[in-house]
Amino acid sequence: MNNPIEKFNDLWQQALLDSPLQQKSAVCVSTINAEGFPESRFVDLKQVDEQGFVFCTYYDSNKGQEISRNPKVSLSVWWDHIGQQVRVVGLAEQISEQAAIQFWQTRSRSAQLTTLSCEQSQPLSSESALVEQFDKTQQTLEGKEVTKPQNWGGYRIRPVSIEFLAFAESRLHLRTRFTKKNDVWTKMLLQP
């Protein structure tokens, strides 16, 4: 297969089948903090198409602030049950407000309420304070639609390279890197 986006989506669909994972679409996104160190965390991959890899978050979160300072990011995933690793390097950009609203509407009510009741990455006095914040938000919005906050949306990682590793017990892993230049993908095999 010479299209890495199609290859990724094929592997993703395989990984979703009979997955032992609770968070089946979790991927690791890495950004660069203000001190120049990488920061990695898992997010829920929402969509992958020819435009890139989409995940959602608070725009004013640490990752959002880091992306606004430096849009160079990476995404990695390890699907142990199908023996596949994928590494993506690219530039992150905000998705449209309309797309963010559509992704917001796919979230569970509990996830929406959590988003409204929390300020991601901000200090917390206690676990009970967190529960209290959530309960208050839940009571306030009882029976009402939960509207997407302005500081929540998504990012699309426009890939410049995508690398696949097919795991082998012998450690003779098959690595394939695709590099994009002028909207054309070039394929190269790499030694394990």
Side-chain angles (χ1 to χ4, degrees), residues 3-6 8-13 15-17 19 21-33 39-77 79 86 88-124 129-160 162 180 183:
N3 183 317
I5 301 298
E6 287 178 18
F8 182 92
N9 279 321
D10 285 349
L11 290 172
W12 192 13
Q13 291 309 306
L16 291 172
L17 295 174
S19 174
L21 303 174
Q22 290 294 315
Q23 305 301 320
K24 295 174 176 38
S25 292
V27 297
C28 183
V29 169
S30 299
T31 54
I32 303 298
N33 70 22
E39 296 274 358
S40 301
R41 78 287 283 159
F42 285 87
V43 298
D44 185 38
L45 185 62
K46 299 291 188 185
Q47 176 182 344
V48 178
D49 60 23
E50 293 297 329
Q51 301 305 306
F53 297 72
V54 177
F55 67 94
C56 294
T57 190
Y58 299 83
Y59 290 134
D60 53 0
S61 67
N62 286 346
K63 75 180 95 45
Q65 292 176 36
E66 289 161 3
I67 289 170
S68 70
R69 279 193 301 272
N70 183 350
K72 294 178 179 177
V73 301
S74 67
L75 175 152
S76 57
V77 61
W79 290 310
V86 184
V88 177
V89 173
L91 299 172
E93 63 185 24
Q94 286 187 13
I95 62 174
S96 71
E97 179 67 7
Q98 180 182 3
I101 290 169
Q102 290 174 336
F103 287 121
W104 176 260
Q105 293 169 345
T106 67
R107 302 184 92 207
S108 69
R109 183 172 181 84
S110 177
Q112 292 174 340
L113 290 170
T114 297
T115 300
L116 285 181
S117 64
C118 298
E119 296 179 45
Q120 191 176 58
S121 303
Q122 296 306 304
L124 178 67
L130 182 63
V131 173
E132 187 178 311
Q133 285 172 210
F134 179 84
D135 289 345
K136 183 178 177 184
T137 303
Q138 188 174 27
Q139 290 169 5
T140 302
L141 293 172
E142 185 71 36
K144 298 176 185 170
E145 181 180 342
V146 183
T147 306
K148 183 190 86 60
Q150 284 301 112
N151 68 334
W152 189 93
Y155 290 96
R156 173 177 289 106
I157 300 171
R158 293 196 179 270
V160 294
I162 303 174
K180 192 173 193 180
D183 288 330

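Since the model is a prediction, treat every value here as computed from it, not as a measurement.
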Undergrad: Specify whether F53 and F8 have parallel, tilted or perpendicular ring planes, treating 30° as the upper limit for parallel and 60° as the lower limit for perpendicular.
TA: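 Rings of F53 and F8: perpendicular, as their planes differ by over 60°.
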
Undergrad: Going by the side chain to side chain donor-acceptor pair (under 3.5 Å) test, which pairs reach into residues 100-111, not counting sequence neighbours?
TA: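 Non-adjacent pairs meeting side chain to side chain donor-acceptor pair (under 3.5 Å): R107-T115.
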
Undergrad: Is there any salt bridge (charged side-chain N to carboxylate O under 4.0 Å, His left out) pair reaching into residues 40-57, and which pairs are they, with sequence neighbours excluded?
TA: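 Only R41-E66, D44-K46 qualify under salt bridge (charged side-chain N to carboxylate O under 4.0 Å, His left out).
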
Undergrad: CD1 of I157 to OG of S74: how many Å apart, nearest 0.5 Å?
TA: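 OG of S74 is found 7.5 Å from CD1 of I157.
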
Undergrad: Nearest 0.5 Å, what's the CH2-CG distance between W12 and L45?
TA: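 Answer rounded to 0.5 Å: 4.0 Å.
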
Undergrad: What residues form a side chain to side chain donor-acceptor pair (under 3.5 Å) with N9, not counting sequence neighbours?
TA: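 By the side chain to side chain donor-acceptor pair (under 3.5 Å) rule, N9 matches no residue at all.
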
Undergrad: Do F103 and I95 make a side-chain contact, defined as non-hydrogen atoms from C-beta onward lying under 4.5 Å apart?
TA: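 Yes; the side chains approach each other to less than 4.5 Å.
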
Undergrad: My understanding is that only residues two or more places apart in sequence, or in another chain, count here; which of them pass ring pair (Phe, Tyr, Trp, His ring centres under 6.0 Å) with Y59?
TA: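 Ring pair (Phe, Tyr, Trp, His ring centres under 6.0 Å) list for Y59, sorted by chain: Y155.
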
Undergrad: When rounded to the nearest 0.5 angstrom, what is the spacing between CD in Q133 and OG1 in T114?
TA: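 OG1 of T114 is found 10.5 Å from CD of Q133.
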
Undergrad: Working to the nearest 0.5 angstrom, can you tell me the gap between K63 NZ and F55 CZ?
TA: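 Rounded to the nearest 0.5 Å, the NZ-CZ separation comes to 7.0 Å.
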
Undergrad: Drop me the distance from I32's CD1 to E39's CD, to the nearest 0.5 angstrom.
TA: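 Those atoms lie 9.0 Å apart.
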
Undergrad: What residues, two or more places apart in sequence or in another chain, satisfy side-chain contact (heavy atoms from CB on, under 4.5 Å) together with S40?
TA: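 Only C28, S30 meet the side-chain contact (heavy atoms from CB on, under 4.5 Å) criterion with S40.
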
Undergrad: Quick test of your reading: applying side chain to side chain donor-acceptor pair (under 3.5 Å), list the pairs with at least one residue in residues 136-147, sequence neighbours left out, ordered by first then second residue.
TA: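 For residues 136-147, and leaving out neighbouring residues, there are no side chain to side chain donor-acceptor pair (under 3.5 Å) pairs at all.
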
Undergrad: Which residues pass the side-chain contact (heavy atoms from CB on, under 4.5 Å) test with P71, not counting sequence neighbours?
TA: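 With sequence neighbours excluded, P71 shows a side-chain contact (heavy atoms from CB on, under 4.5 Å) to L91, given in chain and number order.
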
Undergrad: Do the side chain of S19 and the main chain of L16 share a donor and acceptor less than 3.5 angstrom apart?
TA: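 Checked: no pair found.
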
Undergrad: Atom NZ of residue position K180 - does it have more than 12 heavy atoms of other residues, nucleotides or ligands inside 6.0 Å?
TA: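 Count over threshold, so yes.
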
Undergrad: Report the residues that fulfil side chain to side chain donor-acceptor pair (under 3.5 Å) with N70, sequence neighbours left out, ordered by chain and then residue number.
TA: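 Result, side chain to side chain donor-acceptor pair (under 3.5 Å) vs N70: none returned.
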
Undergrad: May I have all residue pairs that pass ring pair (Phe, Tyr, Trp, His ring centres under 6.0 Å) and include part of residues 129-151, sequence neighbours excluded?
TA: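 Non-adjacent pairs meeting ring pair (Phe, Tyr, Trp, His ring centres under 6.0 Å): zero.
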
Undergrad: Could you pull out all residues at least two apart from D135 that satisfy side chain to side chain donor-acceptor pair (under 3.5 Å)?
TA: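 Checked D135 against side chain to side chain donor-acceptor pair (under 3.5 Å); zero matches.
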
Undergrad: Would you check if T31 and N62 make a side-chain contact, meaning some heavy-atom pair closer than 4.5 Å?
TA: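 The answer is no, as the side chains (C-beta and beyond) never meet within the 4.5 Å cut-off.
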
Undergrad: So do L11 and W79 actually touch side chain to side chain, heavy atoms under 4.5 Å?
TA: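 Yes - at least one pair of side-chain heavy atoms lies under 4.5 Å apart.
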
Undergrad: So, do T57 and V43 sit near enough that their side-chain heavy atoms are less than 4.5 Å apart?
TA: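 Not touching, per the 4.5 Å side-chain cut-off.
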
Undergrad: For E97, check salt bridge (charged side-chain N to carboxylate O under 4.0 Å, His left out) against everything at least two apart and list the hits.
TA: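 So E97 forms a salt bridge (charged side-chain N to carboxylate O under 4.0 Å, His left out) with K148.
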
Undergrad: Sequence neighbours excluded, which residues qualify as salt bridge (charged side-chain N to carboxylate O under 4.0 Å, His left out) partners of E93?
TA: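 Residues passing salt bridge (charged side-chain N to carboxylate O under 4.0 Å, His left out) with E93: R158.
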
Undergrad: Count the heavy atoms belonging to other residues, nucleotides or ligands that lie under 6.0 Å from CD of Q122, then report whether that count exceeds 12.
TA: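 Check passes, neighbour count above 12.
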
Undergrad: Over all heavy atoms of both residues, which pair between V77 and A26 is shortest? Give the atoms and the distance, please.
TA: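 In terms of heavy atoms, the two residues are closest at CG2-O, 4.0 Å.
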
